[in-house]
Novice: 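Here's a structure for you.
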Amino acid sequence: MAEKKITNNEIISAINKFAVNVDKRFEQADKRFDILEEQISDLREEVHQIQGEIKRIWNKLEEIEQKLDKLSKTAKEDADAIAVDILKLKQRVKFLEKKINLVNN
């Protein structure tokens, strides 16, 4: 069998075809990376928006907590005042009961 000699032109042609295929693959990879970069950018924006929402929620929760603390303090003060009034009324009732007993006896 006679060996077929490969010419320089055939080698250059094969290299050129290979280079074209490599270039196409790099272009496809570049397009994929562009898409990924765009998606990452979109995700960053969404995360930033979510962080803003979370911050607003925390601020609202802090406001609610402050209001609850004030309400709790007011309720305790009111309950204490009512308890004092009840004790005073009990003392007055006892005093009046003694007076009534003295008058009736």
Side-chain angles (χ1 to χ4, degrees):
M1 253 202 263
E3 250 183 69
K4 181 180 177 193
K5 278 195 163 189
I6 299 174
T7 65
N8 286 342
N9 285 341
E10 290 173 328
I11 293 172
I12 291 173
S13 176
I15 290 172
N16 284 336
K17 286 180 184 179
F18 179 77
V20 167
N21 285 334
V22 168
D23 285 345
K24 285 180 184 177
R25 287 189 176 180
F26 275 116
E27 286 174 12
Q28 290 172 348
D30 284 345
K31 288 177 185 177
R32 288 181 187 147
F33 279 118
D34 290 344
I35 291 169
L36 285 174
E37 286 175 354
E38 187 177 322
Q39 289 173 340
I40 289 170
S41 177
D42 291 346
L43 285 173
R44 282 187 176 139
E45 186 176 323
E46 286 180 38
V47 166
H48 183 72
Q49 290 173 355
I50 291 170
Q51 287 172 329
E53 271 304 305
I54 290 171
K55 186 176 181 179
R56 283 188 285 280
I57 290 169
W58 275 111
N59 289 338
K60 200 65 173 171
L61 285 173
E62 286 175 0
E63 285 177 31
I64 292 169
E65 185 177 27
Q66 289 173 356
K67 288 178 182 178
L68 284 174
D69 288 344
K70 286 180 184 177
L71 283 173
S72 178
K73 183 180 175 188
T74 301
K76 184 182 179 327
E77 289 170 353
D78 289 349
D80 290 347
I82 290 171
V84 168
D85 287 345
I86 289 172
L87 289 174
K88 286 180 182 177
L89 287 172
K90 280 185 176 182
Q91 289 173 347
R92 288 176 72 187
V93 167
K94 279 184 183 180
F95 175 77
L96 291 173
E97 284 176 341
K98 286 182 184 178
K99 289 287 185 180
I100 290 172
N101 283 337
L102 286 176
V103 169
N104 285 339
N105 288 335

Novice: Taking atom CD of Glu38 as the centre, report whether more than 12 heavy atoms of other residues, nucleotides or ligands fall under 6.0 Å from it.
Specialist: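 Atom CD in Glu38 is not packed in, count stays at 12 or less.
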Novice: Is the closest side-chain heavy-atom distance between Gln39 and Ile35 below 4.5 Å?
Specialist: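 Of all side-chain heavy-atom pairs linking Ile35 with Gln39, at least one is under 4.5 Å.
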Novice: According to a hydrophobic-cluster definition based on side-chain heavy atoms being under 4.5 Å apart (Ile, Leu, Val, Met, Phe, Trp, Tyr only), do Leu71 and Ile82 belong together?
Specialist: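 No; Ile82 is not reachable from Leu71 via cluster members.
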Novice: How is the hydrophobic cluster of Phe26 composed, in terms of its other members, when Ile, Leu, Val, Met, Phe, Trp and Tyr link through side-chain heavy atoms under 4.5 Å apart, directly or indirectly?
Specialist: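 Hydrophobic cluster check, Phe26: joined to Phe18, Val22.
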Novice: Name all residues meeting the side chain to side chain donor-acceptor pair (under 3.5 Å) criterion together with Lys24; count only those two or more places apart in sequence or in a different chain, and write none if there are none.
Specialist: none
Novice: Using 0.5 Å steps for rounding, measure from the OG1 atom of Thr74 to the NZ atom of Lys70.
Specialist: 9.0 Å
Novice: Considering only Ile, Leu, Val, Met, Phe, Trp and Tyr, and joining two whenever side-chain heavy atoms are under 4.5 Å apart, list the other residues clustered with Ile15.
Specialist: Ile6, Ile11
Novice: Within the 4.5 Å heavy-atom criterion, are Lys17 and Ser13 side-chain neighbours or not?
Specialist: yes
Novice: Within a reach of under 6.0 Å around CD of Glu63, are more than 12 heavy atoms found that belong to other residues, nucleotides or ligands?
Specialist: yes
Novice: As an exercise, state the distance from NZ of Lys55 to CH2 of Trp58, rounded to the nearest 0.5 Å.
Specialist: 13.5 Å
Novice: Only counting residues at least two apart or in another chain, list the ones meeting side chain to side chain contact (heavy atoms under 4.5 Å, CB included) with Val84.
Specialist: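 Lys88.
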Novice: As a quick check of understanding, evaluate salt bridge (Lys or Arg N to Asp or Glu O under 4.0 Å) for Asp80 and Lys76, giving each step before the final call.
Specialist: CA-CA 6 Å; Asp80 290 347; Lys76 184 182 179 327; 3.0 Å; yes
Novice: About how many Å separate CG of Leu61 and CD1 of Ile54, when rounded to the nearest 0.5 Å?
Specialist: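 If we round to the nearest 0.5 Å, Ile54:CD1 and Leu61:CG are 11.5 Å apart.
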Novice: Does the pair Glu53/Arg56 count as a salt bridge with the N-to-O cut at 4.0 Å?
Specialist: yes
Novice: Just to verify, what does Arg44 make a side chain to side chain donor-acceptor pair (under 3.5 Å) with, not counting sequence neighbours?
Specialist: none
Novice: Give, for atom CD1 of Ile50 and atom NE2 of His48, the distance between the pair rounded to the nearest 0.5 Å.
Specialist: 11.5 Å
Novice: For Ile86 and Lys90, what are the C-alpha separation, side-chain angles and deciding distance, and is it a side chain to side chain contact (heavy atoms under 4.5 Å, CB included)?
Specialist: CA-CA 6 Å; Ile86 289 172; Lys90 280 185 176 182; 4.1 Å; yes
Novice: Mind checking side chain to side chain contact (heavy atoms under 4.5 Å, CB included) for Ser72 and listing every partner two or more places apart, or none if nothing turns up?
Specialist: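 None.
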